[in-house]
2 protein chains.
Amino acid sequence: MSVAEAPGLPPLTPRVREIVSAALALLEEHGAEALTMRRLAEQLGIRAPSLYKHLAGKSELETAVIAVGFEDLATALEGAAGETGGRGPGGGLARLGSAYREFALARPHLYRLMNERPLARELLPPGLEDRAAAPLVATVGGDPDLARAAWAFAHGMIMLELNDRFPPGADLDAAWQAGLRGFARGAIQ
Amino acid sequence: MSVAEAPGLPPLTPRVREIVSAALALLEEHGAEALTMRRLAEQLGIRAPSLYKHLAGKSELETAVIAVGFEDLATALEGAAGETGGRGPGGGLARLGSAYREFALARPHLYRLMNERPLARELLPPGLEDRAAAPLVATVGGDPDLARAAWAFAHGMIMLELNDRFPPGADLDAAWQAGLRGFARGAIQ
DNA sequence: GTCTATACCCGGATAGAC
DNA sequence: GTCTATCCGGGTATAGAC
């Protein structure tokens with residue numbers, strides 16, 4: 001975990017890093033409902049009011065957690081985009097899609113927190129959102145509309161999977177392939 | 001509004017219909033957080049405990065609201081699929097996508113409730129989910145994987161729009177077009 | 001079928017002592 | 001920087017009188 005200092009984030013003292021780290025663990029293990037000031041304090045062996053000596057409140061805490069999420073996501077996608085090889089057209093996009101899906105399924109509560117509310121861009125480290133988006137934009141050849149459509153497809157697949165909204169026998173790998181085929185036609189290989 | 005009688009739904013007495021109707025209004029006007037037993041009772045001019053004479057609890061109420069949502073959605077999509085005309089390839093899919101998007105944007109809180117949790121299929125009127133899905137499956141030529149991919153694209157676009165997750169200047173109509181182009185290639189026109 | 005009263009959870013946040 | 005005590009709000013649900 002690493003978080004850059006930023007205007008809307010709490011001052012990153014060592015103790016604050018511990019707190020944010022504990023919050024991330026709590027979120028990932030037990031979901032957003034479990035991320036309360038009381039439970040977080042309990043996890044740290046202190047009382048809830050003590051947290052307010054380090055953080056302005058819960059939303060500041062959430063912003064810090066979200067920033068960590070975007071840094072980890074950006075790193076994962078950059079890694080996938082950097083891989084070489086792959087078999088034929090769509091290879092780059094398929095790898096990127098797999099990396100995105102794996103991130104979301106491995107850390108579903110974090111993924112939800114990152115995407116279920118408006119992004120507080122002014123509070124995040126500058127350039128972080130662009131860093132996370134860059135690999136996809138490059139892979140589809142720089143067309144921002146196509147990149148947004150591909151992102152929406154991936155996000156929709158993930159949310160419907162996480163929410164258990166597909167019918168019981170659905171073949172999700174096949175659906176991913178069917179979707180990516182369409183986007184790959186507009187992409188640089 | 002009309003709800004079919006079904007195993008997991010409350011008995012549809014006239015009074016229950018009033019309650020479900022009021023719950024739907026509360027949800028659509030003020031969001032999911034506003035749909036509480038207290039506020040619902042207040043809307044109806046009674047006290048919260050009185051609701052439990054009609055309904056087993058809140059989740060039964062939500063199931064009834066969701067059933068109404070799927071009936072309205074199915075009706076809207078059947079209407080869009082039934083329209084004739086349209087200009088060239090992708091016309092059918094584009095009309096269907098527009099109808100789906102319009103439903104979601106017009107009734108965002110209902111749309112969220114319908115999609116943000118596992119579908120309690122066994123509690124809904126039999127065949128209702130299939131009825132809502134049929135127009136899309138038919139439009140993409142009967143391929144269920146392609147239909148799921150197209151659904152995921154639409155759902156992703158809608159959720160990212162509702163959650164205000166696209167960057168400020170994003171051209172969402174252009175993104176819809178870019179996405180639908182890919183799916184239309186596999187569709188019957 | 002409605003009421004009052006109530007029990008029981010949960011949450012975020014503050015004041016002021018140490 | 002931590003504590004205790006407390007305030008405020010919210011929620012689902014039940015018991016028992018009318």
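Everything quoted here is computed from the prediction, not taken from an experiment. Atom set for the values below is all heavy atoms of this structure, side chains included, hydrogens, waters and symmetry mates excluded. Below, read A as the first sequence line, B as the second, and so on, with proteins coming before strands; counting in each chain starts at 1.
A donor atom on one side chain and an acceptor atom on the other are found under 3.5 Å apart for B/Thr75 and B/Arg131. Donor-acceptor pairing under 3.5 Å is recorded for the side chains of A/Arg165 and B/Asn115.
Following rounding to the nearest Å, B/Ile46 (CD1) and C/dC3 (P) show an atom-to-atom distance of 6 Å. Atom C1' of nucleotide D/dG11 and atom CG of B/Leu61 are separated by 14 Å, given to the nearest angstrom. The distance between atom CD of A/Glu60 and atom C1' of C/dA13, rounded to the nearest whole Å, is 14 Å. We find that NZ of A/Lys58 is positioned 22 Å from P of D/dC8, with the value rounded to whole Å. With rounding to whole Å, A/Leu55 atom CG is found 13 Å from C/dG12 atom P. Computed from coordinates, the B/Leu40 CG to D/dA13 P distance equals 12 Å when rounded to whole Å. We find that CG of A/Leu51 is positioned 11 Å from C1' of C/dG12, with the value rounded to whole Å. Distance OH (A/Tyr52) to P (D/dA5): 19 Å, rounded to an integer number of Å.
The side-chain contact (heavy atoms from CB on, under 4.5 Å) test with A/Leu136 singles out one residue from A/Leu146, A/Leu77, A/Leu93, and that residue is A/Leu93.
Among the atoms of the strands shown, only primed sugar atoms or phosphate atoms (P, OP1, OP2) are found under 4.0 Å from some heavy atom of B/Arg15.
Shown for residues 26-37 of chain B: residues whose heavy atoms fall under 4.0 angstrom of DNA chain D, namely B/Thr36, B/Met37.
Under a hydrophobic clustering in which Ile, Leu, Val, Met, Phe, Trp and Tyr are joined whenever their side-chain heavy atoms come within less than 4.5 Å, directly or via other members, B/Trp151 and B/Leu162 fall into the same cluster. Taking hydrophobic clusters as Ile, Leu, Val, Met, Phe, Trp and Tyr residues chained together by side-chain heavy-atom distances below 4.5 Å, A/Met114 does not share a cluster with A/Leu123.
Nucleotides of DNA chain D nearest to B/Pro49 and A/Gly45 differ in position, and the one nearer the 5' end is that of A/Gly45. Looking at which nucleotide of DNA chain D each of B/Lys53 and B/Ala56 is closest to, the 5′-most match is held by B/Ala56.
The nucleotide whose nearest atom lies closest to any side-chain atom of B/His54 is, among C/dG1, D/dA5, D/dA15, C/dG1.
With B/Gln43 contributing its side chain and B/Arg39 its backbone, the two residues share no donor-acceptor pair below 3.5 Å.
Contact annotation: B/Arg47 reaches the phosphate of C/dT4 (side-chain N/O to OP1 or OP2, under 4.0 Å). Not one side-chain nitrogen or oxygen of A/Ser50 sits closer than 4.0 Å to the OP1 or OP2 atom of D/dG1.
Between B/Tyr111 and B/His155, the gap from one ring centroid to the other is short of 6.0 Å.
No N or O donor and acceptor, one from the side chain of B/Arg38 and one from the base of D/dG10, sit under 3.5 Å apart.
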